[in-house]
Amino acid sequence: MFYALLGVAGFGLITSTVFAGMVLWAVPGYLRERRAALDRLRERPGFVPPLTLIKPLHGSEPGLDAHLATFFEQDYPTYEILFCARAADDAGLATARRVAARYPQIPAKFLSTGGTPDYINAKVVSMELMETVAAHEILVISDSDVRVTPDYLRSVALPFADPKVGGMTCPYRGVVYEGGLWARLEAVGMSVEMTSGVLAARLTEGMQFVLGPTMAFRRETIRQMGGFKVTADYCADDFVLGNETFKLGQTVVLSHHAIDHIVLNSDFVPSMKHQVRWMKSTRFSRPAGHFGTSLTFSLPFGILGLFAGALLGHIGWGLAMLAWSVATRLALSIAVGGLVVKDTSWFGLLVLYPIRDLMGFCFWASSYVGRRILWRGRVYELLPGGKMRAAE
């Protein structure tokens, strides 16, 4: 039996090493694209079509004032910002109004839906309403827990110079606003694990999805797919919007520009629930790919190899397997976290990410326990294909 365990460990190390190799192979090409994009951005005035920035809100969050302010400080000639929440007295909307008052030169509108229609995914109602009042034809959608630099909108607009592009998205690095170890572990998972998966998917099948923190589309693309309401019953609305764009035969672009995604879950329990919920959503949205994700983790197989090797009297082999598993994670941390998304938390990349890799496997295993998730205070049941329904 212990030889069987050693065999499983060896197999897992091979598959996780192949995955790491694919990601590392993709990194130089991505960096070349980034250099080319940066050269184009240095041209002035460059490609700067008018943009509508869509910001769904839901209550107040730590640092929301400062994060929203970064969207008013863009080096961009013509854009508007639309904010929308379910209730007119939403605390997030109140914060947005205070921030907008400091930047009167930027057109801003503040909307509320009143909860009608009552979609499972309430964010979709806000996006629908904002699309109807948007003044411009390129819609940039970003989450409230995002912080950007002044060149953000120029970078987002750049791919749309190609008329074949229907959608784009930005990679992101996890940033801890407040909190300790658990928040930092979640952040480094965003920077390395998430981005590694995106680069591997892009290498093997092209971009067929977008990432929620920032996604942008042509208005006509959204209307061709049936409007934002196509995502009304889904938890992973970002995946659906990107996939529908791909199905229309339009190009989805992964931007060269990485943004800050703020980790809001500073305590152990909220952080664990959030990451398991994300894994469950992926399980139902992409079941085959999610199942294969188990073979991309490395530390679980390195630890299994050490355990089996020690019991068989081959401690040297066991230690070698564990060391190899750590080495592949460090390689991903440096290449993806350090070079691709420019995460400056070297303690997170070099110390915490191997631990986060082990945790990621545990989250993956937990995703197969039940189909219910807690989202914005309500319990939902996930259905095949990624749809949700209110739990009875």
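What you see below is based on every heavy atom in this structure, not just the backbone, and it leaves out hydrogens, waters and symmetry mates. In this text the structure is predicted, and so the values were computed from the model without any measurement.
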**Q** Do N243 side-chain atoms and Q208 backbone N/O form a donor-acceptor pair below 3.5 Å?
**A**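 Flag set: sc N243 to bb Q208 pair under 3.5 Å.
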
**Q** Determine yes or no for a side-chain-to-main-chain donor-acceptor pair under 3.5 angstrom, with R223 supplying the side chain and R218 the backbone.
**A** no

**Q** With the side chain counted from C-beta on, respond yes when K342 and R173 share a heavy-atom pair under 4.5 Å apart, and no when they do not.
**A** yes

**Q** For the residue pair D237 and T231, confirm or rule out a side-chain donor-acceptor distance under 3.5 Å.
**A**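 Side chains of D237 and T231: no pair found under 3.5 Å.
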
**Q** Do side-chain atoms of E80 reach the backbone of I106 as a donor and acceptor pair under 3.5 angstrom?
**A**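 No, because the side chain of E80 does not come within donor-acceptor range (under 3.5 Å) of the backbone of I106.
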
**Q** Would a 4.5 Å heavy-atom cut-off, applied to side chains only, mark M321 and L6 as touching?
**A** yes

**Q** Whether the S345 and D343 side chains hold a donor-acceptor pair (N or O, under 3.5 Å, no angle test) is what I'd like checked.
**A**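 Looking only at side-chain atoms, D343 and S345 do not form any donor-acceptor pair under 3.5 Å.
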
**Q** Does any N or O in the side chain of D90 come within less than 3.5 Å of the main-chain N or O of G59, such that one atom is a donor and the other an acceptor?
**A**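 Yes; judged by distance alone, with no hydrogens or angles, the pair exists.
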
**Q** Where is the tightest heavy-atom contact between L349 and G338, given as atom of each residue plus distance?
**A** CD1-N, 3.8 Å

**Q** Provide the closest heavy-atom pair for P56 versus M130 in the form atom of the first, atom of the second, distance.
**A**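 Scanning both residues completely, I find the closest heavy atoms to be N-CE, 3.8 Å.
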
**Q** Considering the options V48, L153, L51, which one meets the side-chain contact (heavy atoms from CB on, under 4.5 Å) requirement together with P77?
**A**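 Single side-chain contact (heavy atoms from CB on, under 4.5 Å) partner of P77 among V48, L153, L51: V48.
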
**Q** With a 4.5 Å limit on heavy-atom distance, are the side chains of T113 and C84 in contact?
**A** yes

**Q** Would you verify whether the NZ or CZ of K55 falls within 45 degrees of the ring axis of F71 while also being under 6.0 Å from that six-membered ring's centre?
**A** yes

**Q** Do the side chain of S16 and the main chain of G12 share a donor and acceptor less than 3.5 angstrom apart?
**A** yes

**Q** Sequence neighbours left out, what pairs pass ring pair (Phe, Tyr, Trp, His ring centres under 6.0 Å) with at least one residue falling in residues 162-215?
**A**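 Listed once each, the pairs are H67-Y177, Y172-H261, W182-F268.
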
**Q** For the side chain of E131 and the backbone of S126, is there at least one donor-acceptor N/O pair under 3.5 Å apart?
**A** no

**Q** Starting from the C-alpha separation in whole Å, work towards a yes-or-no answer on salt bridge (charged side-chain N to carboxylate O under 4.0 Å, His left out) for R286 and E205.
**A** CA-CA 13 Å; R286 305 182 68 188; E205 60 185 19; 2.6 Å; yes

**Q** Just checking, is any N or O donor in the side chain of E128 or Y119 under 3.5 Å from an acceptor N or O on the other one?
**A** yes

**Q** Would you say W324 and S298 are linked by a side-chain donor-acceptor pair, where the criterion is simply a distance under 3.5 Å?
**A** no

**Q** Judged by modelled atom types alone, do E186 and H274 share a side-chain donor-acceptor pair under 3.5 Å?
**A** yes

**Q** With rounding to the nearest 0.5 angstrom, report the CD to CE distance, E244 to M225.
**A** 6.0 Å

**Q** Ignoring hydrogens, what is the shortest heavy-atom contact between L299 and S325? Give both atom names and the distance.
**A**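 The answer is CD2-O, 3.8 Å.
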
**Q** Within the side chain of R219, is there an N or O that forms a donor-acceptor pair under 3.5 Å with the backbone of H136?
**A** yes

**Q** So how far is it from R40 CZ to F47 CZ, rounded to the nearest 0.5 Å?
**A**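 Rounded to the nearest 0.5 Å, the CZ-CZ separation comes to 9.0 Å.
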
**Q** K280 side chain to R372 main-chain N or O, any donor-acceptor pair under 3.5 Å?
**A** yes

**Q** Ignoring hydrogens and geometry, is there a side-chain-to-backbone donor-acceptor pair from T221 to F217 under 3.5 Å?
**A**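 No, the answer is negative, given that no donor and acceptor are paired below the 3.5 Å cut-off.
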
**Q** Evaluate the ring planes of W364 and H290, with Trp represented by its six-membered ring, and classify them as parallel (under 30°), tilted (30 to 60°) or perpendicular (over 60°).
**A**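 Answer is tilted, since the angle falls between 30° and 60°.
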
**Q** Could you check whether any side-chain N or O of D238 sits under 3.5 Å from a backbone N or O of L211, counting only pairs where one atom can act as donor and the other as acceptor?
**A**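 No, D238 side chain to L211 backbone: no donor-acceptor pair under 3.5 Å.
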
